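Notes follow the structure.
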Amino acid sequence: MGLLDGKVAYISGGASGLGAAMVARFAQEGAKVMFGDIDAQSGAAVAQATASRFVLHNVTDEQQWIDVIADLVAAHGRLDVLVNNAGILGTGALETIDLAAWNRLFAVNVTGVMLGCKHGGTAMQRNPGGASGSIINISSNAGILATAGDCGYSATKGAVRLMTKSIAVDFARRGLAIRCNSIHPGPTETPIFKPWQTDQAAADALHRSLMEMVPMGRLGRPEEVAAMAAFLASDEASFSTGSEFVVDGGGTSALAGM
Ligand SMILES: NC(=O)c1ccc[n+]([C@@H]2O[C@H](COP(=O)([O-])OP(=O)(O)OC[C@H]3O[C@@H](n4cnc5c(N)ncnc54)[C@H](O)[C@@H]3O)[C@@H](O)[C@H]2O)c1
């Protein structure tokens, strides 16, 4: 018996990193998995490796959300689990922020999550047998503690944290059995850091600064975040909603250097 037997799941940004690990884990646990991404080549490869279904999907586009959810419900009759995972890195130091890049960051990391909750949450309210489901929003430990030098990323991830709580209590108070929680990974080995690893010296400096954030002394593995997502997607998490689940090797528990 898999933890997610019979469940229908959608994961945004599933072509790489944490999303790809969740696609694999959810499929292993018995879920029917569909995932979206803007990277068609990697999406096709992940779909093939995991026997799941890939769709080209930009989370900033509301019509695409409407079409993707309609397609999934037409194929499977329901939506049980939605992971709003697609996200991008921030815009850097305050004085250098480019407004177009700032707006794009918020469009992907915040508006994309809202649109997923809106259309995924609406589909879950229409599930046969009554409203049910689990929404999982991927925030960051940077949505709990600030990272200096990148106010944009922290702002978007803080927004996801509070958006999650607001949606969760709204659903709960309306008697809808749809849970909504956030996951807050610490530094985890994925391609997200590639733009900052411009040469070996930059990669080494980044690695050192990431390691300073983790008392456990190593980076996280995507599978460790996927394990938390699988738990929250499952009925084992039936009394958890509006909560933040940290997977960061102790990072948010420590004062720096102490
Ligand atoms: N890796 C970490 O250390 C870490 C830590 C905390 C939080 N996170 C969060 O985890 C999530 C996944 O990050 P990751 O590390 O796996 O990164 P990643 O770059 O490996 O994967 C992100 C995926 O999202 C896709 N994507 C980007 N913009 C998109 C859009 N507009 N529409 C659809 N898909 C889009 C990318 O093509 C990519 O496949 C992000 O929300 C990120 O902020 C990551």
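This one's a predicted model, so the numbers in the text were calculated from it and none came from an experiment. Atoms within each ligand, like the ligands themselves, are counted from 1 in listed order.
Ion pair E29/K7 not flagged as a salt bridge, since none of the NZ, NE, NH1 or NH2 atoms sits closer than 4.0 Å to an Asp/Glu carboxylate oxygen. At a threshold of 4.0 Å, the pair D150-K157 does not count as salt-bridged, since none of the basic side-chain nitrogens sits closer than that to a carboxylate oxygen. Between D170 and R174 there is a salt bridge, with a side-chain nitrogen of the basic residue lying less than 4.0 Å from a carboxylate oxygen of the acidic one. A salt bridge between R221 and E189 is absent, with no side-chain N of the basic residue lying under 4.0 Å from a carboxylate O of the acidic one.
Distance from atom 15 (O) of ligand 1 to its nearest protein heavy atom, with residue and atom name: T190 OG1, 2.5 Å. Annotation: atom 33 (C) of ligand 1 to nearest protein heavy atom, H57 O, 3.2 Å. In terms of protein heavy atoms, atom 43 (O) of ligand 1 is closest to Y153 OH, 2.6 Å. What sits closest to atom 6 (C) of ligand 1 on the protein, heavy atoms only, is P185 O, 3.3 Å. The single protein non-hydrogen atom nearest to atom 20 (O) of ligand 1 is S16 OG, 2.6 Å, given as residue, atom name and distance. Looking at atom 32 (N) of ligand 1, its nearest protein heavy atom turns out to be V59 N, 3.0 Å. From the protein, the heavy atom lying nearest to atom 40 (C) of ligand 1 is N85 O, 3.2 Å. Nearest protein neighbour of atom 37 (O) of ligand 1, counting heavy atoms only, is D37 OD1, 2.6 Å.
Contact annotation: G186 has at least one heavy atom less than 4.0 Å from an atom of ligand 1. Heavy atoms of E189 come nearer than 4.0 angstrom to ligand 1 in no pair at all. S12 does not count as a contact of ligand 1, since none of its heavy atoms falls under 4.0 Å from the ligand. At a 4.0 Å cut-off, at least one heavy atom of P187 sits close enough to ligand 1 to count as contact.
Under the 3.5 Å distance criterion, the side-chain polar atoms of N181 are matched with a main-chain donor or acceptor of S240. With hydrogens and angles ignored, the 3.5 Å screen pairs no side-chain donor or acceptor of H184 with any backbone N or O of V246. Remark: side-chain polar atoms of T241 are paired, donor with acceptor, to backbone N or O of C180 under 3.5 angstrom.
Residues passing the side chain to side chain donor-acceptor pair (under 3.5 Å) test with S42 are D39, sequence neighbours excluded.
Remark: ligand 1 and G19 share no N or O pair separated by less than 3.5 Å (distance only, no angle test). Among the atoms of T188, some N or O lies under 3.5 angstrom from an N or O of ligand 1.
Distances from atom 27 (C) of ligand 1 to the heavy atoms of N109, V160, I88 show the closest one on I88.
For ligand 1, the atoms lying closer than 4.0 Å to a non-hydrogen atom of N58 are 30 (C), 31 (N), 32 (N). Counting atoms of ligand 1 from 1 in the listed order, those under 4.0 Å from a heavy atom of A86 are 24 (O), 33 (C), 34 (N), 35 (C), 41 (O). Residue K157 has at least one heavy-atom neighbour below 4.0 Å for each of these atoms of ligand 1: 40 (C), 41 (O), 42 (C), 43 (O). Ligand 1 places these atoms under 4.0 Å from at least one heavy atom of P191: 20 (O). Distances below 4.0 Å separate heavy atoms of G17 from the following atoms of ligand 1: 16 (O), 20 (O).
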Inset, instruction - Give the intermediate values and the outcome of side-chain contact (heavy atoms from CB on, under 4.5 Å) for residues I88 and R104. - result: CA-CA 9 Å; I88 56 176; R104 179 163 174 268; 3.6 Å; yes

Inset, instruction - Please test L56 against D37 for side-chain contact (heavy atoms from CB on, under 4.5 Å), starting from the C-alpha separation and ending with a verdict. - result: CA-CA 5 Å; L56 208 52; D37 207 290; over 6 Å; no

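Judged purely by distance below 3.5 Å, without hydrogens or angles, the side chains of E62 and H119 pair a donor atom with an acceptor atom.
Of the heavy atoms in S139, only backbone atoms (N, CA, C, O) come closer than 4.0 Å to ligand 1.
Using cut-offs of 30° and 60° on the angle between ring planes, the pair F54 and F35 is tilted. Classification of the H57-Y10 ring pair by plane angle, with boundaries at 30° and 60°, yields tilted.
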